[in-house]
Amino acid sequence: MLDTASHPVIPTSSHPVPTTTGAIRSLGKNPATAPIVLHPGDSIPASRRVLYIIVLGALTALGPFTIDLYLPAFPVLEADFQTTAAAIQLTLTGTMIGFALGQLIVGPLSDKVGRRIPLLSVTALHVAASIFAALAPTLGTLSIARVLMGAGAAAGGVVAAAIIRDLFGGKRLVVMLSRMAMVSGVAPVLAPLAGSALLLVMNWRGIFVVLAVYGAVMLVSAILFVPETLPPARRGGPGSSTVWQRYGSVFRDRVFIGVLIIGAMAFSGLFSYLSASSFLFQVTYGFNPQQYGVLFAVNSVGVVVGVQIASRLAARFGPQWVLAVSTAVLVIAGGAIVLTDQLGLGLWGTVIPLFFFMTACGFTFPCAQVLALDRHGKAAGTAQSIIGAANFGVAGIISPVVGLLATGSGITATTMAAVMVGCAVIGVLALWLLVRPKTVERLAP
């Protein structure tokens, strides 16, 4: 296992020599042709990079699996607890709020004490909370368990992104984050399919047992394969010795605030769909859990495709310009869902523009993340925790609005998409009023 805290990630066969650019030149037999290591991860072997992508991507996927795996069971939960759809949606809200609070704790803590301790501790919490959820006798108990599960799943995404930022920067950061997102992006595709398949052989409690097993596997994988990438010298440096100083350095950045809002609004639009889709497609359109899982997976493919294409476009044109296009598509696609529903075009009038909305989300998320993390390498854990907390916290507050709008009339495509459009419009305003793409510097090599 590579421990970058005690052993810098540079070729060990020669002496490193700093250059005037801050890079590290490794001297070998021919100093003139010796490679320049701009970032610690540049000299990591390709096989080790692949291992990091798989393990860190799977850790990040723990969050989406925790959220999405039980979505097909929403109508079953409603009947089992004899409650309303809005009450069941609140368990999803609790999960996202727990996820947000967990990230606010884990991120700054990982900048202070290192990456491994927060990662292992909070992932263990997820395992315990999943077992608690499986045994929950009442909806209130389940809601508490879901908050704890969200907090326990928080470490994966925060620490994984911080580890990647510890090791990489510039355009390679874009590539590594996109490849990690490709692994974690499988979760939204597989989770509803897996959840609907599990309901064929077990009740909804079994889904939480499966999540406990997944969390345990990731805990063991983290112990075995995830190194400490934050050297002790960087845990108390100038300007980042306290939590408030790290928060202050991040929140003074206008561009960071702008992309924070963009990411949160895109995520809120996505989760408005997540919270409403089970009822919309299974109740309004008459899908069974398996058909819903397939439809959900197809839409989720749009997110994965968007993430991968965005990484290439961002490296070439700049993430701010990718955001200029993707946020506009979010508004157009959301508006199209409202229009087609009002015209009575039925299922296809909803799912086609919905796929474009999901794809635009895939373009938006990595570009917002890259702009935020590339500017704050010294406080990567704090920056990522703020991003995650804003995404899940704001989404947790906004997504139940769909249920409130549908009170008395049931959830429709219009009530779902109205919230999605509102979020997208705020994202567009944040891009052009706060980020201001022309003022953003190009990514370093």
Side-chain angles (χ1 to χ4, degrees), residues 1-10 39-44 48-63 99 101-127 151-169 172-173 176-177 179-181 183-184 215-237 239-243 245-247 249-250 369-370 372-374 376-389:
M1 181 179 4
L2 179 66
D3 187 349
T4 56
S6 56
H7 302 286
V9 188
I10 58 175
H39 305 284
D42 292 347
S43 61
I44 294 177
R48 177 63 63 171
R49 291 181 194 170
V50 172
L51 177 62
Y52 286 171
I53 288 169
I54 293 173
V55 175
L56 295 176
L59 276 165
T60 303
L62 183 60
F99 206 100
L101 294 175
Q103 291 187 80
L104 288 175
I105 296 171
V106 172
L109 186 63
S110 74
D111 283 337
K112 188 68 176 178
V113 304
R115 310 303 186 197
R116 279 176 60 84
I117 293 176
L119 174 62
L120 301 180
S121 301
V122 183
T123 304
L125 172 63
H126 178 274
V127 176
V158 172
V159 178
I163 287 174
I164 293 296
R165 183 59 187 90
D166 289 341
L167 299 177
F168 305 98
R172 179 156 282 176
L173 175 64
M176 291 298 294
L177 285 176
R179 289 176 179 171
M180 188 177 73
V183 176
S184 63
V217 170
M218 295 320 304
L219 179 61
V220 173
S221 299
I223 292 172
L224 295 177
F225 302 118
V226 177
E228 178 56 71
T229 57
L230 188 67
R234 287 181 52 197
R235 299 176 193 175
S240 61
S241 59
T242 69
V243 170
Q245 287 173 321
R246 287 191 292 274
Y247 275 127
S249 67
V250 170
Q369 186 180 38
V370 166
L373 293 183
D374 192 58
H376 296 284
K378 293 183 179 180
T382 300
Q384 181 61 31
S385 73
I386 295 171
I387 295 171

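Of all the heavy atoms in Arg116 and Glu228, the pair that sits closest is N-OE1, 3.2 Å. The heavy-atom pair separating Val158 from Gly107 by the smallest distance is CG1-CA, 3.5 Å. Ala222 and Leu119 make their closest contact through CB-CD2, 3.9 Å (heavy atoms, listed as atom of the first residue, atom of the second, distance). Taking both residues in full, the closest heavy atoms of His126 and Gly215 are given as ND1-CA, 4.1 Å, listed atom of the first, atom of the second, then distance. Considering every non-hydrogen atom in both Ala154 and Phe99, the closest pair reads CB-O, 3.6 Å. Across Gly63 and Ala153, no two heavy atoms sit closer than the pair CA-CB, 3.9 Å.
Applying the side chain to side chain contact (heavy atoms under 4.5 Å, CB included) test to Ala160 and every residue at least two apart in sequence or in another chain returns Leu56, Thr60, Met180. Under the side chain to side chain contact (heavy atoms under 4.5 Å, CB included) criterion, Ile117 pairs with Ser121, not counting sequence neighbours. Checked against side chain to side chain contact (heavy atoms under 4.5 Å, CB included), Ala383 has the following partners two or more places apart in sequence or in another chain: Val250, Phe256, Leu373, His376.
Using a 4.5 Å heavy-atom threshold, the side chains of Ser110 and Leu230 count as separate. In this structure, Ile54 and Phe225 have side chains that are not in contact, with every pair of non-hydrogen atoms separated by 4.5 Å or more.
Judged by distance alone, with hydrogens and angles left aside, the side-chain atoms of Arg165 form a donor-acceptor pair with the main-chain N or O of Phe168 at under 3.5 Å.
Leu59 CG to Leu219 CG: the interatomic distance, rounded to the nearest 0.5 Å, is 9.0 Å. The OG1 atom of Thr123 sits 8.0 Å away from the CE atom of Met218 when rounded to the nearest 0.5 Å. To the nearest 0.5 Å, the span separating OG1 on Thr229 from CD1 on Ile164 amounts to 8.5 Å.
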